[in-house]
Visitor: 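Structure provided below as structure tokens; questions to follow.
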Amino acid sequence: MRMRNFHGAAVALLCGSALLVLALLSIVGSRVLDVEHFHYHKEGTPFVVDNLRSSPIRPPDKGVTFHDELPELKDVPRQADLTLKNVWTPEYAEFYYGCSDPSDVYISQSSFHQNGYVMIAASGGLNQQRTGITDSVVVARILNATLVVPVLDHKSYWHDPSNFSDIFDVEKFKSALTPDVTVIKELPLKIEKSVPVYPMRIPRKATPIYYENRVLPKLLSRQVIKLTKFDYRLSNRLEHDLQKLRCRVNYHALHFTSSIGQMGRILVERMRGLGGRYIALHLRYESDMLAFSGCYYGGGDKERKELGAIRRRWKTLHNKNPDKERRNGKCPLTPTEVGLMLRALGFGEDVHLYVASGDVYGGEATLAPLKALFPNYYTKESLATKDELAPFQGYSSRMAAIDYIVCDESDAFVANNNGNMARILAGHRRYNGHKRTIRPNPKKLSPLILTRETLGWEQFAAKVRHHQKGFMGDPNEVRPGRGEFHENPAACICEKPNSPVHKPWYEKTTTKKQSKPEVKVEVDLEDDRDADGDDVGIDTEDDIVTTDIVGEDALISDFEDSEVGDEIPAFTD
């Protein structure tokens with residue numbers, strides 16, 4: 001009897017243990033199912049969440065280099081620096097917000113007599129085109145013209161055949177701008193058949209007065225004008241209502257198509273599901289971009305030969321001194337340098353990193369130190385299945401749009417360059433509450449990195465943090481009117497009245513000497529004229545001559561975007 005009771009108790013205990021194990025498995029399994037349900041599935045190969053989860057005890061993928069195996073990382077700490085504050089969020093960011101509503105004196109476009117039709121041919125990649133689209137609306141407003149939905153560049157380096165409607169929501173674009181400008185999808189058939197389109201080229205950073213004096217007469221006489229190669233063709237300095245119109249276009253009217261938006265949100269959700277907060281890195285380190293920069297990146301004769309051959313494709317490029325370019329901060333940071341900068345700023349190896357990039361020069365060998373510093377390394381290709389990305393493959397602008405969404409939604413954004421995507425995102429993130437946006441200060445960081453081994457990590461990290469002050473996306477770090485408006489939309493950022501740092505910008509800065517006169521850009525070119533022989537454009541840096549001029553009508557010019565760059569994939573997105 002006792003033996004029977006003993007066996008009965010043993011069976012009961014075993015059954016109870018089994019039930020407990022099953023209960024625990026059901027809880028864990030339900031969580032896995034919930035996460036997999038949370039992540040979007042499409043037809044085709046299913047997305048496996050476990051493939052993305054990282055574990056400190058899981059061996060790395062084949063070919064991945066350990067942190068300790070790289071001599072350049074031997075003294076670099078693995079963990080976040082917990083003594084540093086505001087690593088993820090700029091101080092006082094909660095007291096600033098985007099504000100782009102027009103003033104009380106702003107007049108609806110319905111009150112204007114329409115002077116004709118303006119067509120725009122945007123140039124470059126996605127983000128360069130975005131600047132052209134944004135400014136085209138403002139130009140149409142200045143001219144009291146009807147805007148035809150802009151035509152996108154199909155002949156640039158990427159040869160992307162996408163039209164405006166393949167990337168942006170046309171109906172949203174039209175309806176959002178109804179109070180500002182009349183937008184139509186295409187010219188009325190009657191006009192198209194009876195009126196020839198009149199092409200014009202506009203100088204860089206042209207003022208409203210230029211458009212009124214030089215372009216409006218052509219519009220009134222010709223009825224339909226087409227502004228070609230349209231990017232950065234409008235001055236940084238405009239009156240506030242026109243600046244705010246820029247913001248309404250860029251941040252409210254330009255919405256990606258539903259398919260692009262959905263794919264972008266899916267990737268954002270997957271990054272959030274993996275680790276909560278994440279950093280997005282826009283890594284421009286393709287061979288074409290490196291060749292155009294004229295810099296040297298330590299690859300020896302092989303690098304010089306390969307990049308030199310690529311440079312010879314562009315006959316207009318001048319020979320550059322690599323050392324001088326680096327001293328002047330013209331060289332993009334390498335993946336290793338970006339990783340060291342982020343670690344010095346306080347981000348640990350547990351951070352999840354989303355990387356938007358093309359084919360990195362040097363491949364995995366180049367990326368090894370960055371992946372060792374941040375092993376939780378993801379791209380859209382590793383986050384999504386081939387079937388999910390199939391509708392966007394082969395279309396560089398659509399793929400770039402997906403990256404744009406994931407980068408814009410990140411908790412911290414960093415770029416290794418100061419190209420168009422980095423600038424556009426910097427402005428967008430300022431407008432949306434000054435989300436942490438890290439712009440490297442290469443003029444200071446490049447020589448510092450060369451001396452890192454002699455400094456020791458603590459001293460090196462302290463110097464990085466010092467040099468990065470003013471390059472971290474904090475409120476008021478850039479004086480209004482400085483830099484590209486698309487990067488620093490100061491006219492569209494308001495400060496809450498309860499802000500502890502509430503002061504006009506001119507009270508926060510001290511002027512030690514009188515500022516220099518503004519510079520007006522003139523053009524003198526024989527072969528770049530409109531249909532009537534008027535000189536209206538510039539082609540290369542050599543075509544730019546400057547004269548001193550003081551006054552509101554001065555053309556503000558930033559020669560970082562020289563016209564020659566239009567032909568180069570490196571600095572267009």
Side-chain angles (χ1 to χ4, degrees), residues 54 56 67-68 70 72-96 271-272 274-283 333-355 369-378 407 409-416 422 425-426 429-430 432-478 499-501 508:
S54 60
H67 183 287
D68 295 335
L70 298 171
E72 61 266 40
L73 305 183
K74 61 183 179 181
D75 62 339
V76 181
R78 294 174 178 271
Q79 305 305 318
D81 189 338
L82 301 180
T83 66
L84 301 178
K85 298 180 180 179
N86 305 312
V87 172
W88 288 96
T89 305
E91 190 175 12
Y92 304 121
E94 68 272 21
F95 296 103
Y96 295 84
M271 287 300 297
R272 296 270 181 236
L274 288 165
R277 294 186 300 195
Y278 69 94
I279 297 175
L281 165 62
H282 184 229
L283 183 62
L333 298 187
T334 69
T336 302
E337 292 168 348
V338 173
L340 292 173
M341 178 188 70
L342 289 175
R343 186 58 49 81
L345 291 174
F347 296 100
E349 70 172 5
D350 59 330
V351 165
H352 287 71
L353 183 68
Y354 178 88
V355 180
L370 177 62
K371 289 185 174 181
L373 287 166
F374 296 96
N376 298 315
Y377 180 105
Y378 304 99
C407 290
E409 292 293 328
S410 66
D411 299 276
F413 171 72
V414 62
N416 72 322
L425 274 168
R429 291 169 68 84
R430 287 183 190 277
N432 287 331
H434 286 84
K435 293 187 288 185
R436 175 64 76 202
T437 304
I438 303 168
R439 299 176 300 126
N441 181 0
K443 194 168 186 177
K444 296 292 186 180
L445 294 184
S446 294
L448 174 63
I449 289 171
L450 294 176
T451 62
R452 190 181 82 78
E453 293 184 0
T454 64
L455 294 176
W457 177 256
E458 293 301 329
Q459 188 178 2
F460 169 78
K463 286 182 175 290
V464 168
R465 293 192 292 271
H466 174 73
H467 292 321
Q468 279 300 118
K469 290 179 180 178
F471 292 83
M472 299 293 290
D474 293 317
N476 296 319
E477 72 179 10
V478 182
S499 169
V501 290
K508 299 176 184 178

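Heavy atoms only: backbone and side chains are in, while hydrogens, waters and symmetry mates are out. These figures come from a predicted structure and were not determined experimentally.
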Visitor: Hey, does the side chain of T451 reach the backbone of L448 with a donor-acceptor pair shorter than 3.5 angstrom?
Guide: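 At least one qualifying donor-acceptor pair exists.
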
Visitor: Over all heavy atoms of both residues, which pair between S446 and L333 is shortest? Give the atoms and the distance, please.
Guide: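 Scanning both residues completely, I find the closest heavy atoms to be OG-CD2, 4.3 Å.
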
Visitor: What class does the angle between the rings of W88 and F347 fall in, given that below 30° is parallel, 30 to 60° is tilted and above 60° is perpendicular?
Guide: perpendicular

Visitor: Between W457 and P77, is there a side-chain heavy-atom distance shorter than 4.5 Å?
Guide: yes

Visitor: If you compare all heavy atoms of A93 against all heavy atoms of G433, which two are closest, and at what distance to 0.1 Å?
Guide: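 That would be CB-O, 3.6 Å.
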
Visitor: Any non-hydrogen side-chain atom of P335 less than 4.5 Å from a side-chain atom of P369?
Guide: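 Side-chain contact under 4.5 Å: no.
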
Visitor: Would you please test I279 and Y354 for side-chain contact (heavy atoms from CB on, under 4.5 Å) and show each step?
Guide: CA-CA 6 Å; I279 297 175; Y354 178 88; over 6 Å; no

Visitor: Restricting to non-hydrogen atoms, name the atom on G276 and the atom on D411 that form the minimum distance, rounded to 0.1 Å.
Guide: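 Heavy-atom minimum between the residues: O-OD2, 4.2 Å.
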
Visitor: Does the side chain of R465 reach to within under 4.5 Å of the side chain of L345, using non-hydrogen atoms?
Guide: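 R465 reaches L345 side chain to side chain.
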
Visitor: Looking only at atom types and distance, does a side-chain atom of D81 sit under 3.5 Å from a main-chain N or O of G346, one as donor and one as acceptor?
Guide: no

Visitor: Whether the side chain of E477 engages the backbone of M472 through a donor-acceptor N/O pair (distance < 3.5 Å, no angle test) should be reported.
Guide: yes

Visitor: Under a 4.5 Å cut-off applied to non-hydrogen side-chain atoms, are M341 and I449 in contact?
Guide: no

Visitor: Is there a side-chain contact between V351 and N376, using heavy atoms and a 4.5 Å cut-off?
Guide: no

Visitor: Walk me through whether D75 and R452 qualify under side-chain contact (heavy atoms from CB on, under 4.5 Å).
Guide: CA-CA 11 Å; D75 62 339; R452 190 181 82 78; 3.1 Å; yes

Visitor: Taking atom CG of L70 and atom OG1 of T336, what is their separation to the nearest 0.5 Å?
Guide: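 It is 8.0 Å, given to the nearest 0.5 Å.
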
Visitor: Backbone N or O of T334 within a donor-acceptor pair of the N416 side chain at under 3.5 Å?
Guide: no

Visitor: Tell me, with the steps shown, if F374 and R343 meet side-chain contact (heavy atoms from CB on, under 4.5 Å).
Guide: CA-CA 9 Å; F374 296 96; R343 186 58 49 81; 3.9 Å; yes

Visitor: Assess whether a salt bridge exists between E458 and K463, defined as any Lys/Arg side-chain N lying under 4.0 Å from an Asp/Glu carboxylate O.
Guide: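 No.
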
Visitor: Regarding R430 and D474, does a basic nitrogen lie under 4.0 Å from an acidic carboxylate oxygen?
Guide: no

Visitor: Whether the R436 and S410 side chains hold a donor-acceptor pair (N or O, under 3.5 Å, no angle test) is what I'd like checked.
Guide: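 No, because no side-chain N or O of R436 sits under 3.5 Å from a partner of the opposite role on S410.
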
Visitor: Can you tell me how far CG of D350 sits from CZ of R277, rounded to the nearest 0.5 angstrom?
Guide: 9.5 Å

Visitor: So how far is it from Y92 OH to N86 CG, rounded to the nearest 0.5 Å?
Guide: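 Taking OH in Y92 and CG in N86, the distance rounds to 9.0 Å.
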
Visitor: Looking at H434 and P90, what are the two nearest heavy atoms and their distance?
Guide: O-CG, 3.1 Å

Visitor: Where do L425 and C407 come nearest, in terms of heavy atoms and distance?
Guide: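 Result for this residue pair: CD1-CB, 3.7 Å.
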
Visitor: Mind checking whether I438 and F471 have side chains closer than 4.5 Å, heavy atoms only?
Guide: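 Answer no - side chains too far apart.
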
Visitor: Measure the CG-CD distance between L445 and Q468 for me, rounded to the nearest 0.5 Å.
Guide: 5.0 Å

Visitor: Parallel, tilted or perpendicular, judged at 30° and 60°: which one describes the rings of H282 and F413?
Guide: parallel

Visitor: Compare every heavy atom of P442 with every heavy atom of P447, then report the nearest pair and how far apart it is.
Guide: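 Minimum heavy-atom separation between P447 and P442: CD-O, 4.0 Å.
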
Visitor: What distance separates L353 CG from L342 CG, expressed to the nearest 0.5 Å?
Guide: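 L353 atom CG to L342 atom CG measures 7.0 Å (nearest 0.5 Å).
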
Visitor: Apply side-chain contact (heavy atoms from CB on, under 4.5 Å) to residues Q79 and E349 and explain how you reach the verdict.
Guide: CA-CA 6 Å; Q79 305 305 318; E349 70 172 5; 4.2 Å; yes

Visitor: Are more than 12 heavy atoms from other residues, nucleotides or ligands located less than 6.0 Å from atom CD of E453?
Guide: no

Visitor: To the nearest 0.5 Å, how far apart are CD in E91 and CD in E94?
Guide: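 Nearest 0.5 Å value for the CD-CD distance: 8.5 Å.
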
